[in-house]
Amino acid sequence: MPSACLQIGEADTPEERVSVALKRTNAYLVEDALIVVTLLLTVAGFWNIYLGSDATPEPYHHLHIATVFLWLGLLWYQLRLIGSKRFGEHRRVGIAVVVAAPWVFATTAMLSVHSAHRGVVSGEGDALIVQNVMVTLELGALILLAFVLRKRRQLHGALLMSTTILFMGIALFFTLISFAPPFKIEGPETFYRFGTAGMAAQVTGIVVGIVWFLKDVRNGWPYLLAGASFVLNELIRSSLSSNGLIEPLTATVGALHPVFTFVGSFVLLLALLVMTGTFAGPRRTRGFPRPA
């Protein structure tokens, strides 16, 4: 039997070359599935904003969805490079990741500000203010930690991939309230479904996090952390609500300037990533763990 570690060019027969190629292709099927599901849920979650009867897409939405696609695309491409042992190219693309990561963080922060501002102006508040703010902070923390721990390749990859769960949870929530009859809000009497959809997304996030954690207990804790973050955020929301702090938080976030928020968030995370020594020198490999 040919070894999965053989280079394609080193295989002795066409059959061996095909076998090695298939092993590389299948090395990250689970990771690929997570990315594809997140992409599909993102499309579904933004469907009504772009193609619904009251579609009113704004520049904030264009920028955010394009950035999410870019981020997920970079993660997928990095998986392909590691799977084919193109470590030099993986490192070069890693530079793009260092720039894309603050961009993703900044667009998420700006969209949170925009959502809060709309809630203040409408007088209806922002029911997702805590989730929006906390997911933004958690996204930045996971990315920063990934580069702080970049020498531990498996953990580095797990931290970056775990950001996918954050986007998946949010996209699932909007998909449920848009398309799933038990969760669609059809009037004031069904507004409780908003919370039901949130709970469903939280449970899904936890389940996905646990499954990925069990795949690699030593290095899989970022998935568990990302999956549990939605429940943590809900506990924070409940605490703030009981102390009458939701409205002040919404007003504070909504008062921020979107452009300044974007620039400040981008510069802050980029500076922190540079401070981790990411550009200090070449490394033999980086990123996602090699397939067994």
Side-chain angles (χ1 to χ4, degrees), residues 4 18-47 64-86 89-90 93-94 96-97 100-101 104 108 135 138-139 142-143 146 153-176 178-180 183 197 199-231 285-292:
V18 171
S19 177
V20 173
L22 287 175
K23 286 183 179 181
R24 290 180 181 175
T25 301
N26 297 331
Y28 295 108
L29 280 180
V30 180
E31 287 81 358
D32 288 343
L34 180 61
I35 291 175
V36 170
V37 168
T38 302
L39 283 171
L40 293 176
L41 286 173
T42 300
V43 171
F46 276 88
W47 188 269
H64 183 66
I65 193 170
T67 301
V68 171
F69 285 168
L70 170 65
W71 180 249
L72 295 176
L74 279 173
L75 293 181
W76 179 85
Y77 186 48
Q78 289 287 66
L79 287 172
R80 302 281 70 72
L81 294 176
I82 289 295
S84 59
K85 302 184 183 300
R86 294 153 65 185
E89 189 173 348
H90 172 72
V93 175
V97 173
V104 173
T108 306
V135 166
E138 288 152 1
L139 174 65
L142 288 172
I143 291 171
R153 292 182 293 114
Q154 292 183 332
L155 186 55
H156 170 77
L159 283 160
L160 289 179
M161 272 296 296
S162 67
T163 62
T164 305
I165 295 180
L166 296 180
F167 292 119
M168 182 199 69
I170 297 171
L172 175 60
F173 168 77
F174 284 107
T175 299
L176 290 175
S178 297
F179 296 106
F183 302 102
M199 291 179 61
Q202 291 169 29
V203 171
T204 302
I206 291 176
V207 171
V208 173
I210 291 174
V211 170
W212 282 72
F213 171 69
L214 294 177
K215 281 176 74 269
D216 182 1
V217 175
R218 181 180 179 185
N219 299 295
W221 57 264
Y223 299 107
L224 190 60
L225 190 63
S229 65
F230 295 105
V231 175
T285 59
R286 276 192 190 172
F288 300 92
R290 300 184 188 183

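Note that this is a predicted model, so its numbers are computed, not measured. Side-chain atoms are counted along with the backbone in the values below, which use heavy atoms only and exclude waters and symmetry mates.
- One finds the OG1 atom of T108 at 5.0 Å from the CG atom of L139 (value rounded to the nearest 0.5 Å).
- Counting only N and O atoms by type, the side chains of S178 and W47 include no donor and acceptor under 3.5 Å apart.
- Here the side chains of V203 and F230 are not in contact, with every heavy-atom distance at 4.5 Å or above.
- Under the 4.5 Å side-chain criterion, counting only non-hydrogen atoms from C-beta, T42 is not in contact with H64.
- When all heavy atoms of L74 and A96 are compared, the pair lying nearest together is CD1-O, 4.4 Å.
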If you apply the rule side-chain contact (heavy atoms from CB on, under 4.5 Å), what do you find for T163 with V104, and how did you get there? CA-CA 11 Å; T163 62; V104 173; over 6 Å; no
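- With values rounded to the nearest 0.5 angstrom, F167 atom CZ is found 11.0 Å from L39 atom CG.
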Under the side-chain contact (heavy atoms from CB on, under 4.5 Å) rule, what do L159 and W221 come out as? Steps first, then yes or no, please. CA-CA 9 Å; L159 283 160; W221 57 264; 4.2 Å; yes
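- Taking all atoms of both residues into account, the shortest heavy-atom contact from A201 to G169 is CB-O, 3.7 Å.
- To the nearest 0.5 Å, atom CD of residue E31 and atom CG of residue L75 are 11.0 Å apart.
- The structure places CG of L225 at 6.0 Å from CG of L142, a figure rounded to the nearest 0.5 Å.
- What you find for I170 and V135 is that their closest heavy atoms are CD1-CG1, 3.6 Å.
- Here the closest non-hydrogen pair linking S229 and E138 is CB-OE1, 3.4 Å.
- When every heavy atom of L155 is checked against every heavy atom of P222, the shortest pair comes out as CD1-CG, 3.7 Å.
- How far OG1 of T38 is from CZ of F69: 11.0 Å, rounded to the nearest 0.5 Å.
- Separating the OG1 atom in T164 from the CH2 atom in W212 is a distance of 8.0 Å, to the nearest 0.5 Å.
- Residues V97 and W71 have side chains in contact (heavy-atom distance under 4.5 Å, counting atoms from C-beta outward).
- A101 approaches I143 most closely through the heavy-atom pair CB-CG2, 3.5 Å.
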